[in-house]
Novice: 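Can you keep this structure in mind? I'll have questions shortly.
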Amino acid sequence: MAGDPDLGRGGRLPVILDVDTGIDDALALFYACASPEIDLLAVTCVAGNVPLEAVVANTLAVLEVAGRGDVPVHAGADRPLVKPLTTTEETHGPEGIGYATRPSGATVAARGPAATAIVDIARRRPGEVHLVTLGPMTNLALALDLEPRLPSLLRRWTFMGGAFRGPGNTTPTSEWNIHVDPDAAKACLAAWSVALAADASVQPPIGMGLDVTEQARLTPEAVAGLAKLADASAADANDLVGDPASAMRPTGSVGANGLVRFVVDALRFYFEFHATYDGFYGAFIHDPFVVAATIEPGLIETRPVFVDVETGPGLAHAMTIADWRDITGRPPNVDVAVACDAAAFLDRLVERVGGLAARGTPSDLRAPG
Ligand code: BDR
Ligand code: CA
């Protein structure tokens, strides 16, 4: 598992994050804000885990808590291309951020829809920008409609989506991001197939599905470690661990840090969801793993393969179908992650997000919500 970080001018990778914030999207935003390798150009929002309005409000709130209220946030698609929107408050909480609350006075969204922002930024900086999508691919599909040359204009695209060699998490065969908008996913992958055939400089997208992201399981112990790095007292941080009935409550020095408070309150909900449906008090944290692997490719091992998405009805609806045996003879259009170092990623997350929290943000000055 190796590879040079895909860095741009001055050693920093210009990145657009496309999100449906979402608890693990929130962690991904914190991870990006905590990573000196990333020059976060913009965050674009798409309906998915929760409706668009909540996604935008959550994204603004998370950036504010991270001390990055300066990053432009663009609202995007409020529904999938063809299907009606489904959301999953059951997984992410009524507003999408678990038990966390948004700080008052968060900034407002930037002008211009997400798809236009993606196209404009890519045109301004051809070959430089890495797009990372962490939700349904609707905004990217709309951007491709506006600018079919987008695969040539972007440096690369990395996505969280799909279940390539294992079961789905939404139906037996499908993963959530693909299931919300399979038509968008199919269109995006097809666009890259065309671009890869036409332009030798185009790189295949990197696809991280559940096969690897479900190997990243965050535990209360890791969250306690993060709180300690953010200067929480050992006694307060250790209170996060233990009996699930009382664990993960941000009291004392844990609650006094706005970022740690937000993370703990959000994750408590996510942990309860996983305890109910996945049999452990902790959480798969898909989206920050994707950001981490974008700047540290050695965290994953990939294999090139042709991937298509089933958009018809039935048991395979929204399934990502990878032609591992080259039966179709179609050229690979995705570098699919097949192995990973989840332990290294989890260490990185604790260090980085804990370090960001230790630096303090304006939200520390506000009373706990
Ligand atoms: C994906 O679905 C969403 O609920 C998460 O934010 C993640 O992007 C995992 O299937
Ligand atoms: Ca997401």
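In this chain, numbering begins with 1 at the start of the sequence shown. Being a predicted model, the structure only gives us computed values, none of them experimental. Just so you know, ligand 1 is whichever comes first in the structure, and atom 1 is the first atom listed for that ligand.
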Novice: May I have the step-by-step check of side chain to side chain contact (heavy atoms under 4.5 Å, CB included) for Leu140 and Leu150, ending in yes or no?
Specialist: CA-CA 9 Å; Leu140 179 54; Leu150 197 55; 3.7 Å; yes
Novice: Quick one: does any side-chain atom of Asp183 pair with a main-chain N or O of Thr311 as donor and acceptor, under 3.5 Å?
Specialist: no
Novice: Among all protein heavy atoms, pick out the one at the shortest distance from atom 3 (C) of ligand 1; state its residue, atom name and that distance to 0.1 Å.
Specialist: Asn49 OD1, 3.2 Å
Novice: Is there a heavy atom of Leu134 sitting under 4.0 angstrom from any atom of ligand 1?
Specialist: yes
Novice: Starting from atom 6 (O) of ligand 1, locate the nearest protein heavy atom and write down its residue, its atom name and how far away it is, to 0.1 Å.
Specialist: Asp24 OD1, 2.5 Å
Novice: Using distance alone, decide if ligand 1 has a nitrogen or oxygen within less than 3.5 Å of any nitrogen or oxygen in His92.
Specialist: yes
Novice: Mind telling me whether Tyr270 and His274 have parallel, tilted or perpendicular rings, with 30° and 60° as the class edges?
Specialist: perpendicular
Novice: For atom 9 (C) of ligand 1, tell me which residue out of Glu214, Met208, Glu175 has the closest non-hydrogen atom.
Specialist: Glu175
Novice: Is a side-chain donor or acceptor of Ser174 paired with a backbone partner of Thr170 at a separation under 3.5 angstrom?
Specialist: no
Novice: Between Thr171 and His179, does any side-chain donor sit less than 3.5 Å from a side-chain acceptor?
Specialist: no
Novice: Which of the protein's N, O or S atoms come within less than 3.0 Å of the Ca ion (ligand 2), not counting waters?
Specialist: Asp20 OD1, Asp25 OD1, Asp25 OD2, Leu134 O, Asp287 OD2
Novice: Can you tell which part of Asn169 has a heavy atom less than 4.0 Å from ligand 1: side chain, backbone, both or neither?
Specialist: side chain
Novice: Report yes or no: does Asn177 have a heavy atom closer than 4.0 Å to ligand 1?
Specialist: yes
Novice: Go through the steps to decide whether Tyr281 and Arg268 satisfy the test side chain to side chain contact (heavy atoms under 4.5 Å, CB included), and finish with yes or no.
Specialist: CA-CA 9 Å; Tyr281 189 74; Arg268 190 166 71 254; 3.8 Å; yes
Novice: Between Cys340 and Gln215, what is the shortest heavy-atom contact and its length?
Specialist: SG-OE1, 3.5 Å
Novice: Applying side chain to side chain contact (heavy atoms under 4.5 Å, CB included) to Leu29 and Thr21, what does each step give before you reach the verdict?
Specialist: CA-CA 9 Å; Leu29 288 162; Thr21 320; 3.9 Å; yes
Novice: Quick test: of every protein heavy atom, which one is nearest to atom 8 (O) of ligand 1, and how far off is it to 0.1 Å?
Specialist: Asp287 OD1, 2.7 Å
Novice: Should you measure from each heavy atom of Trp176, which atoms of ligand 1 turn up under 4.0 Å away?
Specialist: 2 (O), 3 (C), 4 (O), 10 (O)
Novice: Looking at NE2 of His74 and CG of Asp120, how far apart are the two atoms once the value is rounded to the nearest 0.5 Å?
Specialist: 8.5 Å
Novice: Treat each ILVMFWY residue as a node, draw an edge where side-chain heavy atoms are under 4.5 Å apart, and state whether Ile178 and Leu210 are in one component.
Specialist: no
